[in-house]
Amino acid sequence: MSEEHGQRREIRSAVAYQKLMGRYYAGAKSAGKDGRKVAWITSGGPVELLHCFDVIPVYPENHGAMCGATRMSVPLCEVAEERGFSRDLCSYARGDIGSAITKGGPIGGLPRPDMLICCTNICGTVLKWYEELSRLFGCPLFILDTPFVRGTSSEHAIAYVEEQMREYVAFLETHTGKRFDEALFEEVAAKSIRSISLWREILACSEHRPAPMNCFDAFIHMAPVVTLRGTDEINVYYEQLLAEMRERVQAGISAVPEERHRLLWDNIPIWYEMSALSGLLASLGACLVADTYTSAWTFEQVDVADPMRTFALAYTEIFLNVNLERMVDKAVALAERYSAGGMIMHSNRSCKPYSLGQYDNAKAFTRRTGLPVLILEADHTDSRQYGRAQAEERIRAFVETLV
Amino acid sequence: MKLEAAETLRSFSAMWEDPYVAVAARAAERGERPIGYLCSYAPEEILHAAGFTPVRIIGAERTITRADSHLQTYCCSLARTTLDLALARELDFLEGAVFVQTCDTMQRLSDIWRLNTRFRFHGDVVLPARMGEPAAERYIVAELRAFRKRIEEYVGAEVPDSAIAGSIAVYNHNRDLCERLYSLSGIALTGTEVLSAVMAGMWMRKEEHSAMLERLLAGLSGETRPPSGSRVPLVVSGSLCGSPDFVRMVEELGAIVVDDDLCCGHRAIEGRAPETGDPVEGLARRLSERPACPAKHSAARSRPDDLAVRVKGSGARGVIFYLQHFCDPHAFDYPSLRQRLSEDGIPTLLVEWEHQAPCTGQMRTRVEAFLEMVRGT
């Protein structure tokens, strides 16, 4: 624990987080021995049904973030590049394909999948990426196709997604040999909704000035809501984290010592720069109080009585699957709720759905809030696409202009 | 070759060099109402039935001045130069545009376009990523019906089933004629000529295009060129060719492009909508069952196998992948396509291009070396 100037304060619950994620990955790695099946699933995919069928969900994107944060992505990307995958493709996909081939990365690669679950709500890249995984591993692939939403979802789009949710159930029945248990699904769905609301409450603690945690904390502590929502263990852990954050709010403990500037973050983190950026911003008294990314796992509309339709709608209308105006609405709402004084947007070469449109979104955000925006170009895990000196200079200059 | 046929082919090629001038002229002189689209999945028949002329926008070779403040440089030059054309008001002859959400870039481009341009009409047709399956097909039907309603509201008149059925017949006939052109590739026509003739149809009323093709085909009947001899038969695979330059250069260097796997070429004309029954359901059937574009997923079809069949059927001895920089769906497919072809002993070359540099000296050298290598195999 450090409270020196220029350091962010460590969260006590991080120990429980390490244990939780350690247990999860150890469980996934020994799935074969335990006679359990493993599914690789996209970060926006409906994981709840996997828990119902006792399938262990594994997230290549979360693994990609780990590879990025440990600066192990580039050699993995190079393996895919040698196989003909363009360097312009998403570095999560390249790194994952590289790791699938070499078993490289901080945890020796992910356990071999028995099945692949791809939900198109986050991008078109996952479709192609999972097709490649399906060729590599020769295992069945289920695609949940969520049509892009402008304004509100059309009735026929929701009907299409709902029908696929039923196909998804049938797919899992086929590949696990188990029958679908509706009562169990309702139970898991209720727990998942609980996980999501706990996560929302945790993030909401940073509405307080000074913020008890910042986005760098959220980028780490979001992993359970992505991977384990719908299980008891995550809810126990999030209750503990929430209590700690509320305690901090009570005691006026801030994530960043001497919080002077409150900023929003847009896009996936620059994983390999987490500690450098966190240190830099803390030294400037700037706290990233909220972001459009970690809050993507906080569905708004929830109807426990009809979980299949609820999930069809929720998974279709996630942040990356809606039009630009809705994205701006969200950023503006975050700025108001969290009393932010500006926004940093990561223009991420690896993520077109997140990044294309940012220039217009930035202008619309400034027009509506009067707040400045800094756009930094980088890549979420390919550090060859990042110029640290220039980026840091621009951040310093940006923070200096804030009132 | 008869003079008239040669002149028709020259006019097709000229249109490919500069498609928008001809479209704008017809809009001004004949009152045609062009609506732009950027992807071969656009429901052209519905637009046609409503009295519009659907025209394909393929970007342009130009220096980008306006689009860079809306789009990052790491997206494809089709999106960047098309937006630049629109912002520079060089597409003002269009009444509007229709976006079918082909890929992540097109999805976002639709919003950016709508927010920054002032065309009278803006259409979005959100097609599924899964193709060839009943649930997705039912969704396409509903989405096309919603689009038809949107068009009806815009024109203030019904677009009856009979009109759509009529347009389906016009389009199917046109695709049949294009297919006949392909059958003459390497026999009576070069690949550049076939592709020019097929692409020219993207910028005119299909009835007019078909009439020209019929005359051309009649003029070519029985005609054969001297045996291609040492010319290397090739297939070109990719999304689009922004100008005839590349294919022409490949053929000038001693190849003959006997077939293509391009979304502005042979792939765009595949599949026929049934001409009986509900016409919207017929259109959905064609979109669902045609060979899937790389941005789509088809459980029933395999792109690598489809390409291998195409190469074998055409007698090609090599394949050039002519891929746009930053086109993710094509870039993802490339390694598995190359792998599949290598199993058949078919050598391949990857050429990446963008509108700013469609045909460079370095490309020329690489194509030359490739042809040398294929000749040696």
Side-chain angles (χ1 to χ4, degrees), chain A residues 80 83-90 93 97 118 120 123-125 127-132 135 141 143-150 154-157 159-161 163-164 166-167 320-321 323-325 327 347-361 363-364 375 377 379 385, chain B residues 68-76 79 101-112 114-116 124 126-131 133-136 138-143 145-146 294-297 299 303-304 321 323 325-339 350 352:
Chain A
R83 294 223 164 188
F85 291 96
S86 162
R87 196 168 150 168
D88 297 327
L89 291 170
C90 165
I97 290 165
C118 168
T120 61
C123 59
T125 283
L127 185 73
K128 306 306 294 176
W129 172 5
Y130 276 61
E131 281 179 349
E132 183 59 26
R135 282 189 283 264
L141 164 64
I143 293 161
L144 186 76
D145 180 15
T146 49
F148 189 78
V149 180
R150 287 199 172 72
S154 64
E155 207 33 61
H156 56 269
Y160 172 45
V161 179
E163 185 163 354
Q164 293 175 77
R166 287 190 291 275
E167 283 178 21
L320 283 184
N321 208 40
N323 55 305
L324 295 180
E325 292 97 321
M327 295 177 95
S347 165
N348 181 354
R349 290 178 70 94
S350 270
C351 190
K352 293 187 174 81
Y354 221 141
S355 306
L356 303 185
Q358 272 177 327
Y359 294 172
D360 281 284
N361 285 359
K363 280 176 242 166
I375 301 178
E377 190 166 314
D379 182 286
Q385 303 289 357
Chain B
D68 279 353
S69 53
H70 301 274
L71 278 174
Q72 285 91 333
T73 53
Y74 52 81
C75 75
C76 71
Q101 330 295 316
T102 317
C103 58
D104 295 334
T105 298
M106 287 299 146
Q107 204 163 276
R108 289 292 177 221
L109 180 65
S110 172
D111 282 354
I112 295 170
R114 176 172 46 78
L115 292 167
N116 294 287
D124 285 303
V126 183
L127 290 179
R130 281 169 61 162
M131 287 290 178
E133 297 169 65
R138 278 193 294 278
Y139 168 76
I140 302 175
V141 170
E143 188 66 12
R145 289 211 170 109
K296 307 287 180 204
H297 176 82
R303 255 204 100 208
F321 290 99
L323 304 185
H325 271 299
F326 303 110
C327 176
D328 294 347
H330 278 276
F332 265 113
D333 271 0
Y334 163 69
S336 62
L337 296 179
R338 182 183 64 174
Q339 169 66 27
L350 171 65
E352 288 186 286

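Just so you know, these numbers use all the heavy atoms, side chains as well, and skip hydrogens, waters and symmetry mates. Within every chain, numbering begins at 1; the chains are lettered A, B, ... in the order of the sequence lines, protein sequences first and strands thereafter.
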Heavy-atom cut-off 4.5 Å, strictly under: side chain, backbone, both or neither for [X] against chain A?
| X | answer |
| --- | --- |
| A146(B) | side chain |
| Q339(B) | neither |
| C75(B) | both |
| L115(B) | side chain |
| A295(B) | backbone |

Report task. For this output row, return yes or no: ring centroids of H70(B) and Y359(A) closer than 6.0 angstrom. Result -> no

Query raised in the report: Charged N to carboxylate O below 4.0 Å: is that the case for D124(B) and R150(A)?
Result: yes

Query raised in the report: Between E167(A) and R130(B), is the closest basic N to carboxylate O distance under 4.0 Å?
Result: yes

Query raised in the report: Is there side-chain contact between E131(A) and H297(B), with heavy atoms separated by less than 4.5 Å?
Result: yes

Name the option with the most non-hydrogen atom pairs under 4.5 Å to chain B; the candidates are [options].
| options | value |
| --- | --- |
| Q358(A), Q164(A), R349(A) | R349(A) |
| G357(A), C351(A), A364(A), S355(A) | S355(A) |
| A80(A), S86(A), P147(A) | P147(A) |

Requested in this report: Name the orientation class of the two ring planes belonging to Y160(A) and Y139(B) (parallel below 30°, tilted from 30 to 60°, perpendicular beyond 60°).
Outcome: parallel

